[in-house]
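In this text, all values refer to a predicted model and were calculated from it rather than measured experimentally. The analysis underlying the following values was restricted to heavy atoms, covering all of them including side chains, and did not include hydrogens, waters or symmetry mates.
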Amino acid sequence: MGAGESLPGDGPALEMHHYYSKFMRECPSGQLSLHEFKKLLGLQALDPQGDVYIKRVFDIFDLNQDGFIDFLEFIAAINLVIRGKIDQKLKWYFKLYDADGNGCIDKKELLSIFTAIQAINGHTDMSAEEFTNMIFQKIDVNNDGELTLEEFISGVERDGDLLELITKSFDLSNVLKVIQNGRRHSI
C-alpha cells in the first residue's frame with residue numbers, strides 16, 4: 001500500500017475528503033478540462049490516435065457532457081475502476097469501444113480503439129488486427145460482424161484468458177493511480 005492510500009477502515013467520509021483535497025489541489029477550479037486531464041496524466045504529446053482514445057475516456061467520465069469532469073464525475077470514475085465489479089467494467093469498456101454509440105461494436109471501432117491504446121501503452125503481444133480478429137472469432141456468436149453488449153459481456157466472462165487480456169489491455173487503474181496518488185513527477 002503506497003503513501004496516501006487510505007485503509008479500508010478509514011471510512012468513506014475520510015476517503016472522500018482525501019479525494020476532494022487531491023482533486024482541488026490538481027484542479028482548483030473544481031472542473032477538469034480535457035487539456036487538464038491529459039496534463040494530469042502526463043499524456044499531452046500523444047499521436048492523433050492516442051488523443052482520440054483519451055478524449056473517449058474523458059467523454060465517458062464526463063457524465064453530463066458539459067466538457068468538464070467535476071468532482072462527482074471524478075469519484076464515479078475512481079469507484080468504477082478501483083471498486084467496480086467485472087460486469088460494470090465490461091459495460092464501461094463496451095461504451096468506450098462503441099464509438100458511434102449505436103449499441104454495437106464493429107471491427108473498425110475495436111481496431112481503432114485498440115490501435116489508440118497501443119499508441120499510449122506502447123507494448124503488446126499482438127497487433128491491433130490480430131487482437132480484433134481474435135475477439136470477434138471468440139465472441140461474435142452469430143457472426144454478424146458486430147458485438148452487442150450481451151454478446152460482449154457473456155463472451156468475455158465465459159473466456160478467462162480473454163477477460164484477462166481485455167482487462168490488462170484496457171486497464172485504466174494505472175491512469176487512476178496517477179490521479180489518486182498525485183501527478184507523475186519527472187526525475
Side-chain angles (χ1 to χ4, degrees), residues 8 12 15-16 19 23 32 34 37-38 40-41 43 49-121 124 126 128 130-180:
E15 190 176 346
M16 199 60 68
Y19 284 128
F23 183 79
L32 199 60
L34 176 60
F37 183 67
K38 285 158 87 173
L40 177 71
L41 301 175
L43 297 172
Q49 283 199 292
D51 259 346
V52 166
Y53 173 66
I54 290 301
K55 173 131 179 45
R56 292 271 314 136
V57 170
F58 180 87
D59 288 345
I60 292 171
F61 285 165
D62 178 15
L63 298 172
N64 65 0
Q65 301 297 300
D66 67 353
F68 295 95
I69 295 175
D70 63 26
F71 181 65
L72 290 175
E73 291 166 333
F74 172 75
I75 287 300
I78 285 178
N79 275 332
L80 172 76
V81 175
I82 293 174
R83 294 191 187 81
K85 295 190 174 28
I86 193 63
D87 63 325
Q88 293 171 307
K89 289 182 181 182
L90 289 175
K91 280 180 189 164
W92 190 88
Y93 293 145
F94 184 87
K95 196 173 175 183
L96 181 65
Y97 310 154
D98 182 15
D100 62 11
N102 71 349
C104 290
I105 304 169
D106 60 34
K107 283 189 173 183
K108 190 175 158 208
E109 287 172 319
L110 191 59
L111 183 62
S112 159
I113 206 80
F114 193 67
T115 304
I117 289 168
Q118 282 184 323
I120 293 170
N121 292 344
T124 183
M126 61 178 79
E130 290 169 329
F131 177 83
T132 302
N133 290 334
M134 188 259 306
I135 296 273
F136 272 83
Q137 184 185 343
K138 285 186 177 225
I139 63 180
D140 184 15
V141 280
N142 62 0
N143 289 317
D144 65 353
E146 291 189 325
L147 301 175
T148 63
L149 178 62
E150 294 74 28
E151 275 180 315
F152 181 71
I153 289 179
S154 66
V156 173
E157 284 181 334
R158 238 187 1 255
D159 187 321
D161 294 339
L162 188 57
L163 179 60
E164 188 180 332
L165 181 65
I166 282 191
T167 306
K168 269 189 197 159
S169 302
F170 301 97
D171 185 22
L172 286 175
S173 48
N174 289 339
V175 165
L176 286 177
K177 278 182 187 130
V178 170
I179 295 171
Q180 189 181 13

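Remark: Asp59 engages Lys55 in a salt bridge, criterion side-chain N to carboxylate O under 4.0 Å.
Listed here is the closest heavy atom pair of Leu63 and Ala76: CD1-CB, 4.2 Å. Asp98 approaches Cys104 most closely through the heavy-atom pair OD1-O, 2.9 Å. Between Ala128 and Phe114 the shortest heavy-atom distance is CA-CD2, 3.4 Å.
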Candidate pair Ile139 and Leu162, rule side chain to side chain contact (heavy atoms under 4.5 Å, CB included), full reasoning:
CA-CA 10 Å; Ile139 63 180; Leu162 188 57; 3.7 Å; yes
Worked check of side chain to side chain contact (heavy atoms under 4.5 Å, CB included) between Ile135 and Lys107
CA-CA 9 Å; Ile135 296 273; Lys107 283 189 173 183; over 6 Å; no
Test Val57 against Trp92 for side chain to side chain contact (heavy atoms under 4.5 Å, CB included), laying out the working first.
CA-CA 10 Å; Val57 170; Trp92 190 88; 4.2 Å; yes
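Ile75 CD1 to Phe23 CZ: the interatomic distance, rounded to the nearest 0.5 Å, is 9.0 Å. To the nearest 0.5 Å, atoms CG (Asn64) and CG (Asp62) are separated by 5.5 Å. Taken to the nearest 0.5 Å, the CZ atom of Phe74 stands 9.5 Å off from the CZ atom of Phe37. Atoms CG and CZ, from Asn143 and Phe136 in turn, are 10.5 Å apart once rounded to the nearest 0.5 Å. The distance from the CD1 atom of Ile105 to the CG atom of Leu110 is 6.5 Å, given to the nearest 0.5 Å. To the nearest 0.5 Å, atom NZ of residue Lys38 and atom CD1 of residue Ile54 are 8.0 Å apart.
For Lys108, the NZ atom counts as loosely surrounded, since its 6.0 Å shell holds 12 or fewer non-hydrogen atoms of other residues, nucleotides or ligands. Within 6.0 Å of atom NZ in Lys95, 12 or fewer heavy atoms from other residues, nucleotides or ligands are found, so the atom counts as exposed in its surroundings.
Using the six-membered ring where Trp is involved, Phe152 and Tyr97 have ring planes that are perpendicular, over 60° apart on the 30 and 60° scheme.
No side-chain heavy atom of Val156 sits under 4.5 Å from any side-chain heavy atom of Lys138. Here the side chains of Ile60 and Tyr93 are not in contact, with every heavy-atom distance at 4.5 Å or above.
Looking only at distances, a side-chain donor or acceptor of Glu73 sits under 3.5 Å from a matching main-chain atom of Asp70. Listed for the Asp140 side chain is a donor-acceptor partner under 3.5 Å among the backbone atoms of Asp144. In this structure, Asp87 contributes its side chain and Lys91 its backbone to no donor-acceptor pair below 3.5 Å.
Only one option out of Glu150, Glu157, Glu151 pairs with Ile153 in a side-chain contact (heavy atoms from CB on, under 4.5 Å); it is Glu157.
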